[in-house]
Every structure is written in C-alpha cells, then in structure tokens.
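Since we're looking at a predicted model, the values are computed, not measured. Residue numbers start from 1 in every chain, and the chains themselves are labelled A, B, ... in the order their sequence lines are given, proteins ahead of strands.
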Amino acid sequence: MTPTRSKRPSALDRNLQPAAPFNSPPERGYPPMRMSKLLLKTLREAPSEAELASHKLILRAGLAAPLAAGLYCFTPVGWRVIRRIEAIIREEMDRSGAQEVHLPALHPIETWEQTGRAEAMGQTLFRLADRKERGFVLGPTHEEVMAFLAARAIQSYRDLPVTLYQIQTKFRDEPRPRGGLVRLREFTMKDAYSFDTGWDTLDASYDAAFAAYQRIFERAGLPVIPVAADSGAIGGKDSQEFIFLTEDGEDEVLLCPGCGYAANGEKADFRRPPALEAVPAAMEKVATPGIKTIPDLAAFLKVEPRQTNKAVFYRADGKPVFVCIRGDLDVNEIKLKNTLKARDLDPLDEAAVRAAGLVAGSASAVGLSGMLIVADPSAVEATNLVAGANEDGFHLLNTNHGRDWKADVVADIALARRGDACATCGTALETRHGMEMGHVFKLGTIYSEPIGVYYLDEAGERRPVVMGSYGIGVERMLAAIIEANHDSNGIIWPASVAPYDVHVVALNLDQAAVLDAVAALELSLAEAGLSVLIDDRDESAGIKFKDADLLGIPYRVTVSPRALDRGGLELRNRRTGETEIVAAGEVVTRVRG
RNA sequence: CGGGGUGUAGCUCAGCCUGGCAGAGCGCUGCGUUUGGGACGCAGAGGCCCACAGUUCAAAUCUGUGCACCCCGACCA
C-alpha cells in the first residue's frame, strides 16, 4: 500500500498559503487537490477476489471499496469519475429534449402489484415493510413510478410527447453480483421514459433516445454497438442494447460481417440449414441400443444430425412442455420462454421426466399426449426425421409432422450459433462477447394501461399513452471505460471522464525553484479551469510515477530540478507515453490540445 | 438454486497432509539516510486463524454444520 497523505504538512503547505487568492468564481478546477490530503489508498497488488481488469484496477487505484457482495463505497476519486459520467449523460439527455425528475427509491408494493411485476420480478425485488407492516420494495427500475408521475401531468394529446428521466439508485437482489462494478445489487441507473400519443411518434422519441445514447457512449470513450435485443422482464416490443464488445462480457452477440446485422444471442435470427429433400416414407422402428444423444444416433444410423428430431423437456411455470427441434439445432430458451409467455422456464428434472412417462434419449412427440408440444419450424418442415420411439433403446425412422405427430405450437425457438447463416444476407454469423451498457425499449401501453396513463385525443377519445423506456448503468459504464482504456500500468482515462485533467508530480519539494514552479503552475491551471491533482507527498519519485500511471489522469506534469534545468516542466501523455519538456506557460495550452 | 474454489495481519499469501509458541513480503508508526520508475537502516504496532459444535491432554491444522466471498451456469444496466 502506498501512503497518499501524511500527518506532517507537506512542503507545499509549509511554503504556500492554502488556496491561493483567486478572483473568479469557483469552477471545476478550483481548488486543486493535494495528494497529501486526499483520501486515497492505492494498492500494489489487487485483492485476490478480482479477476476482471476493471475490477482489479478499481481496487488498486482505490476508486471504490466493497462493502458486501454487489455493494461498493466510492472514494473521492472514484466518485468524481461517476459524477463526470453522469454529467455527460445529463447533458446529452437534456440536449435530446428529455426532462430530469427525481423519484423515490422506496415504492409501495401495491404499485408493483398493479402491473403484475411484483410477482414477475420475483426474488430480484428487495422487499421490506414499514412500522405499520405496509409492504414496500426498493425500486429495481421505475416504469411504474414514472408512469404514476406522468399520469398526474398528462391529460391531453397537447401534453405529449414528453420524455422524463432520472439518475437514481436501483436495488436488485441479483442471484449473482459479479465483476466488481459490472453487476451490482445497488447501482445507479439513468432511466428515461417517453410518453407518446401513438406508436408512430414513439418511433421519434425512441430515435431521439437512441441518438442521445450514441453521443453519450462516444463522449465517454466507450465503443459500443447497438444490437437487436430481447425485451426480457421489462416487457415491450422493439428493443436494442448498446453492447461494449469485450472478451470478458457476459452476453453473447451475433454479428453479420456481410450486412451488419447484430443481435443479442437471445434474440438472434438466422437461416436454418436446409432439410434433406425426401419423399415421405413409411415409419419404421429400429433398435438403437445404448444410444442417447443426437451425435451417437447420427453416427449409429449413418445419417446427418439434420435428419433427426431432437426432443427436450422443460417446465414452464410449473407445467411440463415437450419441445421438438431438428437435431442439428439447439433450443433458444429465451425464445421458448417468450413463445410460452412463461415467467419461469427450467429444464424438467429427472423425476418429473419419469413421472411424465418420457424416455430421455429416446423420446419423441409420436404418440405423445397430455403435454404441450412446442416445435421449431425446422422439425415440422423436414421429412423423414429419425425420432425417439419412447422406448429405451429404440428409435423411429421416417417420422413426419402431420402424419405421425402434431405440434400444439410451432414457433421460432432455435438458437443462433457461430457460423449459422445470416437471416438477411446468408453470410456466416460471428459471435462475440459483450457487456450491456444501455438498453432501449418500445414498451407500448403495458404500463400506461394498468397504472392509468391516459390522454384525450383530438376527437376527445380517451387513449392509453404509448411508452418507451431507456436505461444506462452508470457504474457499469465506469467499469467498461476502464476495460476499454487501460494498460499493464493502470487506467488511461478518456479526458471526458478523468477524475482530474492534470496530475502534477512534484519532486524535490525541498528546493525553492520547485516550490515556486509548482505554485505558479497550480495557479495557471486553476485559472484555466482545469482540475488538478498535485502529488506533494513525501514519497520517492518511483512511487509517485507508479501511482500516476495507475490513476491514469490524461496528463502528467513533472516539476523537478532536472526538468527545470532543461528549461521547463516535463509533460507526459498517459495514453501515448510521449514525454517532452515544455515551458511553464505552455502547459495549459498543451493540455487543452 | 446447481457446480467449482477460497476464508490466517490493511493487501498478497505460507503454515493445515503429519494437531504442540501465530509466520513472511508489501503496507502502517517513530527516528535517520534517501528522492526520475513502487529505495535503505534501526526500532515498533498490528491477529476472535470466518462462526458454531464436536474429537483430543492439546485444534489455524482433524470431523460436522452454518456463514461470507470469488468463479462457471439460469437474470439484468
């Protein structure tokens, strides 16, 4: 651990009046922060709990400290970064025409019951009761409450459209917080909600939010790509995610190098490989001793996987479901869940499989009854598929949908994989990992109706307001910015979100020339409105340089006898590593670029 | 909730098999020497060895049960 403050007054304190006289009103750069006073502990080694680069660097640079799983305390330096990210978000949201409000984090449970989400969110909701035993939740998001607020203010089509947003703490009892600031139980979200008279104007509100998001991420130095997304538990129709591509991301996205199609793996569309052409033949039972899997079956019978019908069993909201898909494809559980409009979807456990009379490894929909059968078009359209005989060790050749079995529901439930053909252009899809930074949804009326957000249109008719919802995770953005901007020595902040603009490293503060130069520099930087961190600690040069690299402030200015002898101060660019001696008066212009 | 891993000083970790005084490096405090890439000397401080229960003359160490944290899967910003 490196000391960042000292009980002893630093040479600067001894020799300079604190807070040099300053005539202009306080701005961002005033007063400069001295490291001898700053609450900051940097670590030489990262705690063993950290694996992600951002997690390690957040802990090593002392930006935040864990209180418990998914809960972090921010230190002054870390908090400055958070505030700068929020400032960018705020500026761009305002620019897009959105209006900022502030809502309670504590919500009466009834609000959540009105939309059915008290149950839909399930365990994720933090619940509590007041002294009178009235139920409350800590808001995991704010569609309901924002709709409540909108309902008071919106009566007429003349009140629309309007977009409201807030930057607020959200609480989610996540099954697994992880990755430092990537997935928290308490986190800050910028959440915006648009209110429109109809779907056509919603498109404009959605586009405005979308454009604001692109500017926000660009300004923050975070490369993201928009991808088509599933709308998940929030509900709604069109939806896109802004994904930061990184190996360590928890989401998988499919990208088409041909036409640019991009989608979350949960949502991705693709062109299924064609089925083998054949004339329907008579069904025939064959012995397949010990064969349980599609690859084994295909090898044993010398057929291709696409000539087989795969059976998978799930439990959807308690009810067993039998799922068929062609053997060369996999089930996309999110698509299946949406098809079934199910709240919970789990693989059926072994006991339930037996209880339902299913023969795992030899199951098929042929002769099956008493269970919902869902099939992907691939299984329905193909002819002469090999399927289970519902008898251990036997399969059926030449089964055909319509003749031998019938699906209750036919829907796209196939999982897109690397190499599958793009639905639009046929190019082989690629997969990448990514982190979801923001998510935009077209909600429609699923919240406005139950909460009662209605307006009177020009004809005097009462209509539900059409809503959109737009979220950005602030701490996650900070983590991703570090993932995208660091090297082996530490963080490399984009200038737009850096905790300070300039890091002044003062060496040999016992020398009057250095002291004078620091004092003059401090003033000129402050006057220029630049925010400054000055390392005035009684530490060795090595420690100061290491800490400067770790903290990652864009410019480092070294004030030392050596530099002064060469006619100025040493200016170093953290990102490029370029170092040069510049005259004291030039620092401000150089830093401003 | 399923699978894996880890809990010993502020941090990184030894010690645990094979029970017997609580350890190292870094950091921290004081004094001194240092000052361009995590310096050096001397002297110090710092521990409910995650918790509880058991086995034992004796438990950081063996057994059991919890809990916490991390990682992999199901959720989301």
Side-chain angles (χ1 to χ4, degrees), chain A residues 1-4 6-8 41-52 55 59-60 62 65-71 89 120-124 140-141 167-170 172-185 187-191 213 229-234 241-244 248 250-251 264 266 314 333-334 337 343-347 349 435-441 469-480 489-490 505-511 514 537-550 556 558-563 570 572 579:
Chain A
M1 218 183 272
T2 301
T4 49
S6 156
K7 258 194 154 172
R8 290 170 300 192
K41 292 283 180 197
T42 57
L43 299 176
R44 187 190 293 244
E45 294 171 281
S48 55
E49 68 201 39
E51 294 216 338
L52 280 187
H55 192 189
L59 297 174
R60 283 231 291 136
L67 176 65
L71 303 174
I89 293 172
M121 299 289 293
Q123 300 264 79
T124 302
T141 172
I167 298 176
Q168 232 271 31
T169 307
K170 310 292 179 191
R172 294 183 188 176
D173 193 355
E174 290 287 339
R176 182 151 93 83
R178 77 175 111 177
L181 298 186
V182 171
R183 186 178 210 76
L184 298 166
R185 289 195 292 178
F187 64 99
T188 310
M189 180 160 90
K190 188 289 301 173
D191 49 324
Y213 275 31
D230 179 67
S231 47
I234 310 283
E241 291 170 343
F242 288 82
I243 298 282
F244 162 60
D248 297 310
E250 42 187 6
D251 291 334
N264 190 305
E266 300 172 342
Y314 289 95
E333 296 184 1
I334 301 291
K337 194 170 165 179
R343 194 148 51 228
D344 294 309
L345 183 76
D346 299 295
D349 56 83
M435 249 182 231
E436 181 183 351
M437 291 295 116
H439 201 158
V440 293
F441 300 86
S469 163
Y470 318 93
I472 291 180
V474 176
E475 290 89 346
R476 184 179 285 183
M477 254 184 92
L478 184 151
N489 293 316
V505 173
L507 300 178
N508 302 87
L509 269 168
D510 49 341
Q511 296 191 19
V514 172
R537 295 173 301 169
D538 186 19
E539 289 294 341
S540 72
I543 286 179
K544 293 183 177 187
F545 290 145
K546 287 288 186 190
D547 274 345
D549 286 348
L550 180 58
R556 185 185 84 194
T558 304
V559 184
S560 67
R562 183 191 292 188
E570 182 193 275
R572 181 181 163 94
T579 304

Is it true that the side chains of A:T579 and A:E570 contain a donor and an acceptor less than 3.5 Å apart? no

Whole angstroms only, please: what is the CG-P distance between A:L59 and B:C69? 15 Å

On a whole-Å scale, what distance lies between the C1' atoms belonging to B:G7 and B:A60? 11 Å

Please compare A:F242 and A:P177 by the position of their nearest nucleotide in RNA chain B and report the one closer to 5'. A:P177

Of the nucleotides B:C69, B:C72, B:C76, which one has an atom closest to the side chain of A:R185? B:C69

Geometric class of the A:Y470/A:Y213 ring pair [parallel <30°, tilted 30-60°, perpendicular >60°]: perpendicular

Under the criterion side-chain contact (heavy atoms from CB on, under 4.5 Å), I'd like the reasoning laid out for A:L507 against A:R562: C-alpha separation, chi angles, the key distance, then a yes or no. CA-CA 9 Å; A:L507 300 178; A:R562 183 191 292 188; over 6 Å; no

Quick one: A:M121 CE to B:A77 P, roughly how many Å, whole number? 8 Å

Taking B:A9 as the reference, what is the distance to B:G73 when you measure between their C1' atoms (whole Å, please)? 36 Å

With a non-hydrogen cut-off below 4.0 angstrom, is A:L345 in contact with a base, only sugar-phosphate, or nothing? nothing

Once side chain to side chain donor-acceptor pair (under 3.5 Å) is applied, do any residues pair with A:E333, and if so which ones, sequence neighbours excluded? A:Y314

Taking only nitrogen or oxygen atoms into account, show me every contact under 3.5 Å that the protein makes with nucleotides 39-46 of chain B, one pair per line with its distance.
from, atom 1, to, atom 2, distance (Å)
B:A39, OP2, A:S540, OG, 3.4

A:P175 side-chain proximity, nearest of B:C71, B:C75, B:A74: B:A74

For B:U65, which nucleotide in any strand shown is its Watson-Crick or wobble partner with both distances under 3.5 Å? B:A51

Partners meeting side chain to side chain donor-acceptor pair (under 3.5 Å) with A:T169 (sequence neighbours left out): none

What's the closest nucleotide to the side chain of A:F187 if the choices are B:C75, B:G37, B:A77? B:A77

Kindly point out which of B:A77, B:C69, B:G37 is positioned nearest to the side chain of A:E49? B:C69

What's the CD-C1' distance between A:E266 and B:C75, to the nearest Å? 9 Å

Quickly work out the A:N508 CG to B:U34 C1' distance and round it to whole Å. 11 Å

B:U18 versus B:U56 - spacing of their C1' atoms, nearest Å: 16 Å

Partner set under side chain to side chain donor-acceptor pair (under 3.5 Å) for A:E266, not counting sequence neighbours: none

Base, sugar-phosphate or nothing for A:D191? Non-hydrogen atoms, less than 4.0 Å. nothing

Pick the nucleotide of RNA chain B nearest each of A:K544 and A:P47; which residue has the one closer to the 5' end? A:P47

CD of A:E45 versus P of B:C13: gap in Å, rounded? 7 Å

Pick the P atom in B:C75 and in B:A39, then give their distance to the nearest Å. 49 Å

Identify whether any heavy atom of A:I334 sits under 4.0 Å from a base atom; if not, whether one sits that close to sugar-phosphate; answer base, sugar-phosphate or nothing. sugar-phosphate

OP1 or OP2 of B:C13 versus the side-chain N and O atoms of A:S48: is any pair under 4.0 Å? yes

Mind checking the P distance from B:U8 to B:C49? Whole angstroms is fine. 11 Å

Given that both distances must come in under 3.5 Å, which nucleotide forms a Watson-Crick or G-U wobble pair with B:C42? B:G30

Base, sugar-phosphate or nothing for A:Q123? Non-hydrogen atoms, less than 4.0 Å. nothing

How would you list, by chain and number, every residue that makes a side-chain contact (heavy atoms from CB on, under 4.5 Å) with A:D549, sequence neighbours excluded? A:N489, A:R556, A:R572, A:R574

Considering every strand and a 4.0 Å limit on heavy-atom distances, what is the contact class for A:G179: base, sugar-phosphate, or nothing? sugar-phosphate

B:A22 pairs with which nucleotide, Watson-Crick or G-U wobble, both distances below 3.5 Å? none

Would you say A:T124 reaches B:C75's phosphate, i.e. side-chain N/O to OP1/OP2 under 4.0 Å? no

Under the rule for side chain to side chain donor-acceptor pair (under 3.5 Å), what residues qualify as partners of A:K544, not counting sequence neighbours? none

Gap between atoms CG and P, on A:L71 and B:C70 respectively (whole Å): 10 Å

Could you go through nucleotides 7-9 of chain B and list every protein N or O atom that sits under 3.5 Å from one of its N or O atoms, giving the distance for each pair?
none

Out of B:G37, B:C70, B:A77, which has the shortest distance to the side chain of A:R572? B:G37

Provide the distance between the two P atoms, one in B:C42 and one in B:U6, to the nearest whole Å. 37 Å

Could you please name the partner base of B:A60, counting Watson-Crick and G-U wobble pairs only when both distances are under 3.5 Å? none

Of the listed nucleotides (B:C76, B:C70, B:G37), which one gets closest to any side-chain atom of A:E436? B:C76

Does the B:G37 base have a donor-acceptor partner in the side chain of A:R562 within less than 3.5 Å? no

Residues that A:E174 engages under salt bridge (charged side-chain N to carboxylate O under 4.0 Å, His left out), provided they are two or more places apart: A:R183

Taken to the nearest whole Å, CG/A:D248 to P/B:C72 is 9 Å

Is A:R183 close enough to B:C75 that one of its side-chain N or O atoms is under 4.0 Å from OP1 or OP2 there? no

When rounded to the nearest Å, what value does the distance between P atoms of B:C16 and B:U63 take? 14 Å

The salt bridge (charged side-chain N to carboxylate O under 4.0 Å, His left out) partners of A:R60 (sequence neighbours excluded) come to none

Would you mind reading off the distance between A:K170 atom NZ and B:C76 atom P, rounded to a whole angstrom? 15 Å

Give the minimum heavy-atom separation between A:M121 and A:P140, together with the two atoms involved. CE-CG, 3.7 Å

If the C1' atom of B:U61 is compared with that of B:G2, how far apart are they to the nearest Å? 30 Å

State which of B:C69, B:C72, B:C75 makes the closest approach to the side chain of A:K337. B:C75

Compare the minimum distances between each of B:C76, B:A74, B:C75 and the side chain of A:R476, then state the nucleotide with the smallest one. B:C76

